[in-house]
K.L.:
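Pasting in a structure now, in structure tokens, and then I'll have a few things to ask.
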Amino acid sequence: MATQSIEVRPVAGALGAEVSGIDVSQPLSAQQFAALHGAFLDHQVICIRGQMLTPTQQIAFARQFGEPDIYPFIKGLPETPEVIEILKTEKDTVNFGGGWHSDTSYLERPALGSMLYALETPTAGGDTMFASMYSAYDALSDGMKRMLSGLIGVNSSAQGYRGGRAKKMKELDGMKDKYIENSEVSVAEHPIVRAHPQTGRKGLYVSRGHTERFKGMTAAESKPLIDFLADHAVRPEFTCRMRWDPGTLIFWDNRCTQHFAVNDYHGERRRMHRITLVGDRPV
Ligand code: SIN
């Protein structure tokens, strides 16, 4: 068991921290778990560099924080179905996750968090951006907060890629063999403002990527406010940007953040392993 002390260094004003002094391939001591979990709740996104993780070790790390889920649209690795491979090849011009979203917000119990581990990274680019939905909510006027209270979003997995998720996935050289044919469209209704089950803080829970409309309204009626909220949610001052190297592991909290995989490295490969953890029903 590692005995180094953990250091946590914030990377931006709103969210994100670099964590050092830990080898996550080994079981965490109670003290290490408390430090890491505390950093995760405080900073919403934690980045741990220089890790050597097999898929089995990544799952063992993930299990200390929750229950690894099975992602409904992409086949997992044969021996470890909880781990999906996210690959953009030299041939691809579209990437997976290249729009602001919170993972699986279209499920009844959306992902608590996601753990993404980098295996191959481009020479430059391929960063992931994150935005704090606490900061986005806090910055709204009292009038807007009142208006949003009680509003329910209808989130759909079909919304993710314009023209349909299945069609888009099949166009991706790195992902087309992994797509689960005929997977059902998932739709779930969740509050537009959700309270984090562990911190109690309120955050916006709406994205252009997944939120189709508000419950009781048409898509056309909903669109102007969804567009406003989606743009507001990712204002630069609510974001941070994380750079990847092989061996970087980033664990983000989907209950209070959105993320965006930047697609600026055409002609190069980027290969990652992702695990999502089962979350609560948002309230
Ligand atoms: C995702 O949306 O989970 C993928 C993020 C990334 O590849 O940076």
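We count ligands from 1, going down the list as the structure has it; atoms in each ligand are counted the same way. From a predicted model like this one, the values you see are computed outputs, not experimental measurements.
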K.L.:
Is NZ or CZ of Arg274 both nearer than 6.0 Å to the six-membered ring centre of Tyr117 and within 45° of the ring axis?
P.N.:
no
K.L.:
Before giving the answer on salt bridge (Lys or Arg N to Asp or Glu O under 4.0 Å), spell out for Lys88 and Glu120 the whole-Å C-alpha distance, their side-chain angles and the decisive distance to 0.1 Å.
P.N.:
CA-CA 10 Å; Lys88 181 174 183 243; Glu120 293 175 63; over 6 Å; no
K.L.:
Is it true that His259 and Trp100 have ring centroids separated by less than 6.0 Å?
P.N.:
no
K.L.:
Starting at CD1 of Ile6, measure out to CD1 of Ile22 and round the result to the nearest 0.5 Å.
P.N.:
3.5 Å
K.L.:
In terms of side-chain heavy atoms, does Gln44 have a donor or acceptor partner in Arg255 at a distance below 3.5 Å?
P.N.:
no
K.L.:
Please produce the table of protein N or O atoms sitting under 3.5 Å from N or O atoms belonging to ligand 1, one pair a line, distance to 0.1 Å.
P.N.:
| unit_1 | atom_1 | unit_2 | atom_2 | d |
| --- | --- | --- | --- | --- |
| ligand 1 | 2 (O) | His101 | NE2 | 3.0 |
| ligand 1 | 2 (O) | His259 | NE2 | 3.0 |
| ligand 1 | 3 (O) | His259 | NE2 | 3.4 |
| ligand 1 | 3 (O) | Arg274 | NH1 | 2.8 |
| ligand 1 | 7 (O) | Arg270 | NH1 | 2.9 |
| ligand 1 | 7 (O) | Arg270 | NH2 | 3.4 |
| ligand 1 | 8 (O) | Thr128 | OG1 | 2.6 |
| ligand 1 | 8 (O) | Arg270 | NH2 | 2.8 |

K.L.:
Hey, what do you get for CG (Asp253) to OG1 (Thr199), rounding to the nearest 0.5 Å?
P.N.:
8.0 Å
